[in-house]
A.B. asks: 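Mind having a look at this structure? Questions to follow.
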Amino acid sequence: MITIKGMQRGRFLNPIPQVVTGFSSSAAAIPTCSSCDAMDTANQLQSLHSRYPEYTRDSTKATEHRSAFNKYNIRGLSQCLNWPKRFNHNSHAASYLVNHHFTSDRNTDAKDFSSKLLKGIPDFVKIVEVGPRDGLQNEKSIVPTDVKVELIKLLVSSGLSVIEATSFVSPKWVPQLADAKDVLEGIQDVEGVSFPVLTPNLKGFEAAVAAGAKEVAVFPAASESFSKANLNSGIEDNLARCRDIASASRSYSIPVRGYISCVVGCPFEGHVAPAKVAYVAKALNEMGCSEISLGDTIGVGTPGTVVPMLEAVLDVVPVDKLAVHFHDTYGQALSNTLISLQMGISVVDSSVSGLGGCPYAKGATGNVATEDVVYMLDGIGVKTNVDLGKLMQAGDFICKHLGRASNSRAATALSKVKAHASKL
Amino acid sequence: MSSLEEPLGLDKLPSMNTVDRIQRFSSGACRPREDNFGMGICFIEGRSCSTSNSCDEDNEEYTAETYPWKRHTRDIAQCRTFSQKTMTKGRNSMKFGMIDDSLSDFHSSPRGNSKDIPHSTHKFLSSIPSYVKIVEVGPRDGLQNEKNTVPTAVKIELIHRLASCGLSVIEATSFVSPKWVPQLADAKDVMQGVHGLEGIRLPVLTPNLRGFDAAIAAGAREVAVFASASESFSKSNINCNIEESLVRYRAVTRAAKELSIPVRGYVSCVIGCPVEGPIPPSKVAYVAKELYDMGCFEISLGDTIGVGTPGTVVPMLLAVMAVVPTEKLAVHFHDTYGQSLSNILVSLQMGISTVDSSIAGLGGCPYAKGASGNVATEDVVYMLNGLGVKTNTDLGKLMSVGDFISKQLGRPSGSKTAVALSQVTAEASKI
């Protein structure tokens with residue numbers, strides 16, 4: 001029986017019987033399914049076994065276990081992936097399929113260490129969905145207001161609790177989000193979900209409040225050159241502006257989320273010193289930001305640079321106030337997210353379908369796809385309250401409108417398998 | 001996080017030249033890495049490369065103008081004291097952010113020499129091996145799963161080009177019946193074409209004794225066999241169940257032992273099977289142990305359909321590591337669900353030091369048509385370079401090989417690193 005908490009984390013519902021060695025040609029035929037319902041199956045599994053024999057080559061118990069193996073009714077992948085009908089809060093077929101495991105009782109040292117690899121990962125991770133803002137802002141096509149509102153509503157129905165709705169930046173600079181006011185109006189009746197909006201300065205802040213915003217976000221950079229080029233002011237000036245917004249929002253009791261861009265690398269300066277990131281993070285924390293999101297703007301980070309950066313920041317800001325915002329431009333986002341989770345970070349920013357390219361490498365990808373993140377978190381057994389199936393529907397919706405394929409590999413794979421399965 | 005107030009047009013980027021940018025953001029596997037900071041970014045101080053890896057000769061062309069960060073040296077130096085205070089106060093004593101001219105070339109110093117190398121003592125990174133062997137499976141596993149068949153000459157060219165990147169093991173082809181794998185029907189000719197390659201191991205797949213004999217006749221000096229951890233997958237993929245396949249492979253390994261030919265063992269479906277669903281780790285351990293006992297020098301664990309996540313990879317590896325020594329294991333993840341790099345990371349953390357990957361992410365997934373398959377070598381090398389793990393491969397050269405084969409196949413590269421770096425290059429060249 002699994003005894004290590006870390007191992008149990010990955011166990012989605014119930015372990016399956018340990019299949020003993022010594023298979024012969026009369027080994028288990030392909031298990032058949034008797035019911036569609038994941039929960040029924042899981043219950044059957046639960047009742048099927050109560051112990052896990054040690055790994056052995058003797059097949060004295062082989063027959064017994066083989067028939068137990070035969071009995072359990074797990075559907076094949078293709079059938080299981082009919083998930084839209086089959087999920088249950090955080091459950092869905094994909095994670096159901098991949099999370100029935102148990103481990104050998106040998107080699108406890110390796111197990112102890114390995115459990116550390118997963119044990120530090122928080123039990124619950126909050127996903128901050130930035131698709132409607134960071135995503136759409138970086139897409140070539142401009143999306144009409146009603147599509148934006150529909151997207152946000154679909155995202156809400158997937159269980160996301162924080163969705164960055166829009167940005168009150170001058171439409172001169174970001175035409176894609178010129179309809180900020182209307183978007184906020186369209187979602188004003190949605191309850192229970194937080195809709196932060198970006199505000200670059202006091203003017204934007206006031207416009208946001210007037211439009212009904214209940215949470216705002218500010219975004220200094222950790223790199224001086226990037227700050228000057230992107231925000232037209234150096235880090236210190238920017239922080240001063242943020243302080244203005246923070247004090248204004250305090251009077252409205254509006255929480256402020258702080259973003260830091262270029263936390264690992266800058267397109268101008270190259271490497272960014274962790275100390276600088278820590279400096280900006282500390283400033284944001286002291287001015288009253290409720291959460292600080294660390295963004296690898298150009299996606300160049302790897303665990304070798306992410307870890308020192310996080311360590312520097314963790315020295316000055318408590319871990320529960322930190323979020324990570326990785327870009328998948330170099331394909332590194334998920335591994336960076338994993339190492340951040342191992343270090344105790346419990347908030348991850350992502351964008352449905354991986355919306356949003358990279359302005360520094362035309363045609364390259366940008367934000368990490370929410371579906372891929374949720375797939376990994378589900379696989380590790382981390383609660384997100386996000387339903388992958390519904391999330392995929394939201395992704396599908398917006399990709400159709402943008403006329404482009406999803407950037408999410410998990411979504412692409414699952415939809416292909418589903419399409420294939422529906423032909424069976 | 002992108003430009004928020006003002007979308008940054010590329011015309012605003014500083015006047016760095018193309019190659020400078022590519023060096024900045026590509027992992028400098030072949031260059032002095034004293035300023036690497038474990039990021040995969042290489043600050044070239046104008047020194048010529050002294051590593052054994054092939055290095056671009058045009059290094060010397062770069063003048064101080066191409067290194068604008070030198071102007072920032074003062075800033076960074078100021079940060080140095082700041083960062084030293086922060087870092088030594090922190091949990092580890094890593095000398096991060098220091099620019100120290102006395103730092104020796106990364107590749108010539110052992111990783112344990114902590115004075116010279118920015119070696120992380122962080123608990124989640126310290127268990128990662130200092131050297132990882134990349135097994136390039138593009139010419140076999142990659143091309144086998146591509147829609148278009150590639151002519152023999154291109155395959156041979158691909159293998160030759162891969163060999164010049166520093167890779168030490170390249171899976172050349174497969175002696176499976178052309179009836180099943182028409183893309184690799186020219187196995188014999190490919191072997192003949194790569195006959196002259198020295199210093200590179202070129203394993204070939206052999207499903208049975210007949211294939212083994214054909215491989216030996218064609219000049220193969222290393223073979224590979226492939227069992228499945230899933231009965232149903234075994235039956236549908238190689239037409240026999242697990243036990244029968246193991247019997248066949250025992251014959252192959254026996255014959256190989258007589259000829260002193262090393263045999264690599266693959267286990268497929270180590271996490272999930274397209275038919276059966278999840279696969280119990282003990283089954284994987286069983287098959288791995290059988291392959292190891294029959295004489296395979298290395299066992300590669302393949303997540304064939306790419307469904308794995310650290311939650312399932314860790315228990316699977318634990319089960320296998322209980323019966324096969326860690327140094328004999330390799331991991332072969334598919335990126336079908338985008339999970340491969342995080343799975344590779346956690347495998348490295350568990351001590352695995354051999355990773356299979358495919359140039360440009362060649363090879364789709366036959367079970368999810370249109371979805372991606374093998375993890376891209378460029379992405380893996382990018383991460384390993386960033387981690388400070390030695391691979392002896394040159395990312396720049398890998399990218400040009402990936403470019404070559406992608407053009408031949410008429411499809412974009414499956415490697416995000418390659419796409420990003422080449423886009424940055426293209427844009428910068430317009431400046």
A.B. asks: Between B:F124 and A:V307, is a side-chain contact (heavy atoms from CB on, under 4.5 Å) present by the stated rule, with each step listed?
C.D. replies: CA-CA 9 Å; B:F124 291 124; A:V307 167; 5.8 Å; no

A.B. asks: Nearest 0.5 Å please: distance from the NZ atom of B:K123 over to the CD atom of A:Q342.
C.D. replies: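 Between atom NZ of B:K123 and atom CD of A:Q342 there are 9.5 Å.
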
A.B. asks: When only pairs under 4.5 Å are counted, which of A:L338, A:V306, A:V368, A:V130 shares the most heavy-atom pairs with chain B?
C.D. replies: A:L338

A.B. asks: Test side-chain contact (heavy atoms from CB on, under 4.5 Å) on A:Y375 and B:T309 and set out the steps.
C.D. replies: CA-CA 8 Å; A:Y375 185 92; B:T309 61; 3.7 Å; yes

A.B. asks: Under the side-chain contact (heavy atoms from CB on, under 4.5 Å) rule, what do B:Y337 and A:T412 come out as? Steps first, then yes or no, please.
C.D. replies: CA-CA 8 Å; B:Y337 290 75; A:T412 308; over 6 Å; no

A.B. asks: Please answer whether the main-chain N or O of A:D372 pairs with a side-chain N or O of B:Q339 as donor and acceptor at a distance below 3.5 Å.
C.D. replies: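 Yes; at least one donor-acceptor contact below 3.5 Å.
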
A.B. asks: Please look at B:N343 and chain A and tell me whether the side chain, the backbone, both or neither of the residue comes under 4.5 angstrom of a heavy atom of that chain.
C.D. replies: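 The answer is neither part of B:N343.
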
A.B. asks: Among B:D335, B:V375, B:I344, B:L246, which has the most heavy-atom pairs under 4.5 Å with chain A?
C.D. replies: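 Sorted descending by pairs with chain A, the first entry is B:D335.
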
A.B. asks: Heavy-atom cut-off 4.5 Å, strictly under: side chain, backbone, both or neither for B:L341 against chain A?
C.D. replies: both

A.B. asks: Going through the distances and angles, do A:V300 and B:Y382 end up as a side-chain contact (heavy atoms from CB on, under 4.5 Å)?
C.D. replies: CA-CA 9 Å; A:V300 290; B:Y382 186 91; 3.3 Å; yes

A.B. asks: Can you name the nearest heavy-atom pair linking B:G414 to A:R409, along with the distance?
C.D. replies: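 Closest approach of B:G414 to A:R409, heavy atoms only: O-NH2, 3.3 Å.
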
A.B. asks: Measure the shortest side-chain to side-chain distance between A:L118 and B:P310 over non-hydrogen atoms and say whether it is less than 4.5 angstrom.
C.D. replies: yes

A.B. asks: Quick check for you: to the nearest 0.5 Å, what is the distance between A:L334 atom CG and B:S342 atom OG?
C.D. replies: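 If we round to the nearest 0.5 Å, A:L334:CG and B:S342:OG are 5.0 Å apart.
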
A.B. asks: For the candidates B:L345, B:T326, B:L317, B:V287, which exhibits the highest count of non-hydrogen atom pairs separated by less than 4.5 Å from chain A?
C.D. replies: B:L345

A.B. asks: Calculate, to the nearest 0.5 Å, the distance between atoms CE and CG belonging to B:M383 and A:N336 respectively.
C.D. replies: 9.0 Å

A.B. asks: Just jot down the side chain to side chain contact (heavy atoms under 4.5 Å, CB included) partners of A:A221, sequence neighbours excluded, or say none.
C.D. replies: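 Partners of A:A221 by the side chain to side chain contact (heavy atoms under 4.5 Å, CB included) criterion, ordered by chain and then number, come out as A:F226, A:S227, A:S261.
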
A.B. asks: Taking the side chain as every heavy atom from C-beta outward, state whether A:T329 and B:K416 have any pair of such atoms under 4.5 Å apart.
C.D. replies: no

